[in-house]
> 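First, the structure itself, so that you have it in front of you.
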Protein chains: 2
Amino acid sequence: MYTPVMSTPDRLIEATQELLWERGYVGTSPKAIQRLAGAGQGSMYHHFSGKSELALAAVTRTAEEMRRTAGLSLDGPGSAYERIAAYLLRERDVLRGCPVGRLTMDPEVVADEALRAPVDATLAWLRGRIAAIVQEGVDGGEFVPGTDPAPVAAAVVATVQGGYVLARASGSSAAFDRAVEGLLSLLAARTRQI
Amino acid sequence: MYTPVMSTPDRLIEATQELLWERGYVGTSPKAIQRLAGAGQGSMYHHFSGKSELALAAVTRTAEEMRRTAGLSLDGPGSAYERIAAYLLRERDVLRGCPVGRLTMDPEVVADEALRAPVDATLAWLRGRIAAIVQEGVDGGEFVPGTDPAPVAAAVVATVQGGYVLARASGSSAAFDRAVEGLLSLLAARTRQI
DNA sequence: GTCTATATTAGGATAGAC
DNA sequence: GTCTATCCTAATATAGAC
């Protein structure tokens, strides 16, 4: 039977994704990547020019994956409120935080235009997608008129990103859940029965 | 005339505060601290046992300062909504992010009980203080009944922390302002004229 | 208290053999 | 493609002189 082993470049990228999520760019060393990928020094430098090139590949892939995951909730069935709630309430490994948002705290990521670009694009896409859903809700009479899509969408995304901060500070996912609960209660007050 | 020069320990702590804010624990080296503080190697190790002890002093001080700053808005004049708005809208160096919240993305901080404790305590205090203000607002008839203080407070703090993430991702403070605007618009809808 | 030496390990990569 | 050898700098201290 055919055994689909991941290629060395793929294993290296995946290991880098893991480490960037856990420790950030500054805290991730080439040696740690090699160890986690089960690849040798020479192997890594054969496939990639160095840490920064690997990081770019990893961040790009993580960003794609996040869009796909978020899309599952946002493009699902239900009213506008329900889809936003589905996004906020979906299963998460809260204490690990967001693999994309986390990178914004890394000085080297923010300083590197190429590394920051996919991070920016992903969060901008997320805000835009949620704003479009809010707009649908306003147009369909689900949200009360005067509900401004872009600010509400920014608040939704910020609540998630900030929820991770609260959870990691307290060592418990409860704080994340609380923040989401708070935002949803405020948002629910802007809906009308339709 | 008396010239109040900061003591070497104080300069070391302040330099560490700066670097932890900018680069996190993992990204901050003893050498960088010494350079920024204008202190020698031996001097630093004379006053502190090492990086971790210095970091603890710095984090503790940063946490105190954050409470004081937040208190200025939250304990100020005005209605409950106005004080929360004052907190959300106060002058900030948005692109630098939160010196306390930032630390939650650092694996070594989260792993170290002593370092995480002041971070946790500060954010918990902030949530509690805001929840108390929301409760006042409910009791005084300013917020509609059924407004649940703790979740709303968590959402407020999460919006700020997440707003920093959005701002740093986009390289502009506009995203932070948007998120705050969105949350305030939702919160305003829960107020009644009194 | 501060300085200079010294030590050990890791970070980040290049060179060339296999 | 992968491995080992080698290189240079930084990280994080300790030791002892001044």
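Residue numbers start from 1 in every chain, and the chains themselves are labelled A, B, ... in the order their sequence lines are given, proteins ahead of strands. The structure displayed is predicted, hence computed values, not measured ones.
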> Enumerate the side chain to side chain donor-acceptor pair (under 3.5 Å) contacts for residues 28-47 of chain A, please, sequence neighbours excluded, ordered by first and then second residue.
A/Gln34-A/Gln41
> Are the side chain of B/Arg83 and the backbone of B/Pro77 linked by a donor-acceptor contact shorter than 3.5 Å?
no
> Once you round to the nearest 0.5 Å, how far does CD1 of A/Ile13 lie from OG of A/Ser7?
7.5 Å
> Is there a donor-acceptor contact under 3.5 Å from the side chain of B/Glu108 to the main chain of B/Tyr25?
no
> Looking at B/Leu89, B/Leu183, B/Ile133, which hits side chain to side chain contact (heavy atoms under 4.5 Å, CB included) with B/Ile84?
B/Ile133
> With a 4.0 Å heavy-atom cut-off, tell me which residues in residues 20-28 of chain A come close to DNA chain D, sorted by residue number.
none
> For DNA chain C, find the residues of residues 32-48 of chain A with a heavy-atom distance under 4.0 Å and give them by number; none if there aren't any.
A/Gln41, A/Tyr45
> Could you tell me the separation between the NZ atom of B/Lys31 and the C1' atom of C/dT9, rounded to a whole number of Å?
14 Å
> Test question: given the 4.5 Å side-chain rule for I, L, V, M, F, W and Y, name all other residues clustered with B/Val26, or answer none.
A/Val26
> Just checking A/Lys51: base, sugar-phosphate only, or nothing, at a heavy-atom cut-off of under 4.0 Å?
sugar-phosphate
> Kindly give the cluster partners of B/Trp21, where membership spreads through any ILVMFWY side chain lying under 4.5 Å from a current member.
none
> Under 3.5 Å, side chain of A/Arg127 to main-chain N/O of A/Ala153, donor-acceptor pair present?
no
> Spell out, as yes or no, whether a donor-acceptor pair under 3.5 Å connects the side chain of A/Arg192 to the backbone of A/Glu142.
no
> Which is the 5'-most and which the 3'-most nucleotide of DNA chain D that has an atom under 4.0 Å from a heavy atom of chain B?
D/dA11 to D/dT14
> Could you tell me whether A/Arg178 and A/Glu181 have a side-chain N and a carboxylate O separated by less than 4.0 Å?
yes
